[in-house]
**Q** 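Supplied in structure tokens, the structure appears directly below.
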Amino acid sequence: MVKRTRIKEVLDSTAYGSEVTIKGWVRTFRNNQFIALNDGSTINNIQAVVDFNNTDESLLKRITTGAAVSVTGELVESLGKGQKVEIKAKSVEILGDCDPETYPIQPKKHSLEFLRENAHLRFRTNTFGAVFRVRHALAFAVHEFFNKKGFVYMHTPIITASDAEGAGEMFKVTTLELGNPPRNEAGEIDFKQDFFGRATNLTVSGQLEGELAAMAFGEIYTFGPTFRAENSNTTRHLAEFWMIEPEMAFYDLVDNMNLAEVFIKYVIGYVLTNNREDLEFLGQRLVEEEKQKPQNERSELGLIEKLEFVTNNDFERVTYTEAIDILKNSKQNKNKKFQYLIEDWGADLQSEHERYLVEKHFKKPVILTDYPKDIKSFYMRLNEDGKTVRAMDILVPGIGELVGGSQREERLDKLTKRMDEMGIPTEELWWYLDTRRFGACEHSGFGLGFERLVLFTTGMTNIRDVIAFPRTPKNAEF
RNA sequence: UCCUGAGUAGCUCAGCCGGUUAGAGCAUCUGACUGUUAAUCAGAGGGUCGCUGGUUCGAGCCCAGCCUCAGGAGCCA
């Protein structure tokens with residue numbers, strides 16, 4: 001059996017005269033002799049030239065867009081313009097036919113909306129090929145970064161019993177019969193008879209379990225699927241998404257911010273050096289797309305310039321209180337251009353405010369810290385002022401919140417007091433509180449939405465286009 | 001969930017004030033051409049106008065309800 005060479009390797013080769021075998025999917029077949037073939041190893045196609053005068057007519061007819069073919073031939077310098085090398089085909093074998101009458105992907109521009117409805121085939125387009133190679137590179141860089149720093153990768157449970165984290169609506173997990181569940185004497189569904197002997201849900205965060213592990217390994221991270229049953233219909237929310245959650249003992253909020261910033265710069269830097277061609281294509285795609293927008297709505301920087309800017313510049317760090325001052329004194333606020341005007345300290349920031357800070361005022365990623373306790377979660381460490389907590393959110397242009405994190409409240413009395421105030425049942429989270437009873441220490445962590453990172457890095461604008469098979473309200477096809 | 005907009009050929013879209021046989025480009029098919037770059041040229045086929053009901057002599061177009069999608073908001077990562 002002849003060994004297959006990946007197209008990326010062939011395109012980089014100068015071994016003219018040697019024989020190679022490539023296998024891939026036909027992108028176009030031009031002029032009855034030029035096959036543009038792609039195997040996913042690179043965004044670039046290789047051109048295989050068929051001698052149509054000496055090739056069976058019935059074989060030529062089967063070389064159609066989308067067909068899987070194997071080509072064996074001689075690697076030669078290309079006679080035509082547009083590519084350096086090509087393959088002079090000696091033999092072409094159709095591995096899998098593709099009926100052009102019914103194959104949805106045509107050699108033309110398709111709308112992202114159409115491709116979303118054909119998510120099973122969209123990997124075969126340039127755009128989605130590039131997006132998912134970048135996604136892979138980012139995921140790999142995440143593990144490489146933490147591994148180099150000595151973090152332990154924890155797999156926290158996907159099915160959880162706690163319904164107490166307050167991170168959003170949860171999906172129920174049950175084996176009970178939906179139409180006729182067993183009931184107790186009070187007429188309520190009797191979860192004692194369920195698979196786990198209690199009500200369970202899909203996880204909304206691995207943080208609480210992550211904290212337990214950090215109290216032994218020092219530094220850990222999780223990277224896994226997360227589920228939110230919110231009826232969210234936006235370009236930045238999914239019902240099933242992947243989240244990275246580092247948790248570090250002996251880190252205060254500043255250590256936490258430093259880690260998050262270095263981390264983001266590292267993974268983006270990895271893609272800048274390893275996925276150059278994909279980024280160039282995605283950057284070009286973005287330019288084309290923005291041509292339809294009015295001048296003042298277009299990005300100032302190209303995709304690669306934007307990513308280089310992020311890796312080369314410090315993120316802006318401001319407290320919530322300073323941010324409120326900036327917003328309050330902004331022209332937008334004074335001219336009542338905000339839909340929600342900033343009046344008093346304590347209000348939650350709306351998307352328009354975050355966007356103003358990031359895109360108009362600072363024009364770079366911003367880390368907002370020390371939010372009012374009333375708009376943040378129970379586990380965040382209370383500041384000396386008694387009003388604010390050691391929270392930090394990282395906001396980036398075009399996406400908004402990329403990271404949400406905090407220094408955790410390690411003082412048992414303050415934590416339980418806060419839980420009581422917010423109606424979080426302490427008895428259900430006894431195991432979490434045990435970390436505050438047995439060797440508690442200063443610690444911090446954050447959560448980063450992986451798809452939002454992919455969005456930012458690829459310049460795509462809809463989160464459903466950076467995950468293979470998006471799960472959103474009314475959509476679980478594929 | 002709320003606001004706004006959209007749904008017409010495989011895809012992208014046009015369709016006038018409600019009027020006779022619903023169009024274009026691309027794709028597909030047939031033929032020609034053969035160093036092309038989303039090849040080109042000629043011809044052909046292709047429609048449940050999102051669904052249901054209503055108004056009307058007559059509805060792709062008007063009205064009501066529903067479904068789906070997109071953008072924005074909320075929830076958040």
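All heavy atoms count here, side chains included; hydrogens, waters and symmetry mates do not.
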**Q** With RNA chain B as reference, determine whether A:T472 or A:T235 sits nearer its 5' end, using the nearest nucleotide of each.
**A** A:T472
**Q** On a whole-Å scale, what distance lies between the C1' atoms belonging to B:rC51 and B:rG60?
**A** 14 Å
**Q** Can you list the steps and then say if A:E289 with A:L112 is a side chain to side chain contact (heavy atoms under 4.5 Å, CB included)?
**A** CA-CA 11 Å; A:E289 192 162 279; A:L112 293 173; 4.3 Å; yes
**Q** Who is the Watson-Crick or G-U wobble partner of B:rU40, with both distances under 3.5 Å?
**A** B:rA32
**Q** For each nucleotide in nucleotides 30-37 of chain B, reading 5' to 3', give B when a protein heavy atom comes within less than 4.0 Å of its base, S when such contact involves only the sugar-phosphate, and - otherwise.
**A** ----BBBB
**Q** Hey, are A:R390 and A:E409 close enough for a salt bridge, meaning a charged N less than 4.0 Å from a carboxylate O?
**A**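 No, no charged N to carboxylate O under 4.0 Å.
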**Q** Return the nucleotide paired to B:rG47: Watson-Crick means purine N1 to pyrimidine N3 with N6-O4 or O6-N4, wobble means G-U with N1-O2 and O6-N3, both under 3.5 Å.
**A**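 Looking at the geometry, B:rG47 pairs with no nucleotide.
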**Q** Starting at atom CD of A:Q339, determine the distance to atom C1' of B:rG72, rounded to an integer number of angstrom.
**A** 9 Å
**Q** Let me spell it out: for each of A:E451 and A:P107, pick the nucleotide of RNA chain B with the closest heavy atom. Which residue's pick is nearer the 5' end?
**A**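 Closest to the 5' end, via its nearest nucleotide, is A:P107.
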**Q** Please tell me which of the listed nucleotides, B:rA39, B:rG71, B:rC76, lies nearest to the side chain of A:R464?
**A**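 Nearest listed nucleotide: B:rG71.
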**Q** Determine the interatomic distance between C1' on B:rG47 and the same-named atom on B:rU12; round to the nearest Å.
**A** 16 Å
**Q** If we take the C1' atom in both B:rG23 and B:rA9, what is their distance in whole Å?
**A**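 Approximately 10 Å lies between the C1' atom of B:rG23 and that of B:rA9.
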**Q** Between the side chains of A:K363 and A:E300, is the shortest nitrogen-to-carboxylate-oxygen separation below 4.0 Å, so that they form an ion pair?
**A**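 Counted as a salt bridge, because a side-chain N and a carboxylate O are separated by less than 4.0 Å.
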**Q** Apply side-chain contact (heavy atoms from CB on, under 4.5 Å) to A:N45 and list each qualifying residue two or more places apart in sequence or on a separate chain.
**A** A:R27, A:A36, A:N38
**Q** At under 4.0 Å between heavy atoms, how does the protein contact nucleotides 7-13 of chain B? Give one character per nucleotide, 5' to 3', with B, S or -.
**A** ---BBS-
**Q** Checking base pairs now: Watson-Crick or wobble, both atom distances under 3.5 Å. What partners B:rA64?
**A** B:rU52
**Q** Check this for me: does any side-chain nitrogen of one of A:D39 and A:K23 sit under 4.0 Å from a carboxylate oxygen of the other?
**A**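 No.
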**Q** Salt bridge between A:K61 and A:E57, side-chain N to carboxylate O under 4.0 Å?
**A**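 Result for this pair is yes, salt bridge flagged.
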**Q** Report which part of the nucleic acid A:L402 touches: base, sugar-phosphate, or nothing (heavy-atom distance under 4.0 Å, all strands).
**A** sugar-phosphate
**Q** Testing A:E219, A:H443, A:R408, A:Q407 for side chain to side chain donor-acceptor pair (under 3.5 Å) with A:Y251, which one passes?
**A** A:E219
**Q** Give the rounded distance in Å between these two atoms: CD of A:E169 and P of B:rG74.
**A**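 Taking atom P of B:rG74 as the reference, CD of A:E169 is at 18 Å.
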**Q** Return the nucleotide paired to B:rC57: Watson-Crick means purine N1 to pyrimidine N3 with N6-O4 or O6-N4, wobble means G-U with N1-O2 and O6-N3, both under 3.5 Å.
**A**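 For B:rC57, the partner nucleotide comes out as B:rG19, under the 3.5 Å rule.
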**Q** Could you state the atom-to-atom distance from CG of A:N44 to P of B:rA38 in whole Å?
**A**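 Nearest whole value for this atom pair: 13 Å.
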**Q** Would A:F132 and A:R135 satisfy side chain to side chain contact (heavy atoms under 4.5 Å, CB included), going step by step from the backbone distance to the final call?
**A** CA-CA 5 Å; A:F132 286 100; A:R135 184 181 166 113; 3.9 Å; yes
**Q** Which part of the nucleic acid does A:R116 contact within heavy-atom distance under 4.0 Å: base, sugar-phosphate only, or nothing?
**A** sugar-phosphate
**Q** Is A:D393 paired with A:K376 through a side-chain N to carboxylate O contact shorter than 4.0 Å?
**A**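 The answer is yes: the pair qualifies as a salt bridge.
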**Q** Rounded to whole angstroms, how far apart are CD on A:E288 and C1' on B:rA38?
**A** 13 Å
**Q** Taking atom P of B:rA77 as reference, at what distance in whole Å does atom CZ of A:F446 sit?
**A** 13 Å
**Q** Using the salt bridge (Lys or Arg N to Asp or Glu O under 4.0 Å) rule, take A:R418 and A:E421 through it: C-alpha gap first, then chi angles, then the decisive distance, then the call.
**A** CA-CA 5 Å; A:R418 196 75 196 117; A:E421 281 170 12; 2.3 Å; yes
**Q** Please give, in whole Å, the distance from B:rA70 P to A:N462 CG?
**A**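 My rounded result for the distance is 7 Å.
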**Q** Take atom CD1 of A:I63 and atom P of B:rA39, then tell me their distance rounded to the nearest Å.
**A** 14 Å
**Q** Taking any strand in view, what nucleotide pairs with B:rC69 in a Watson-Crick or G-U wobble way, both distances under 3.5 Å?
**A** B:rG5
**Q** Say we look at B:rC13 and B:rG72: how far apart would their C1' atoms be, to the nearest angstrom?
**A** 24 Å
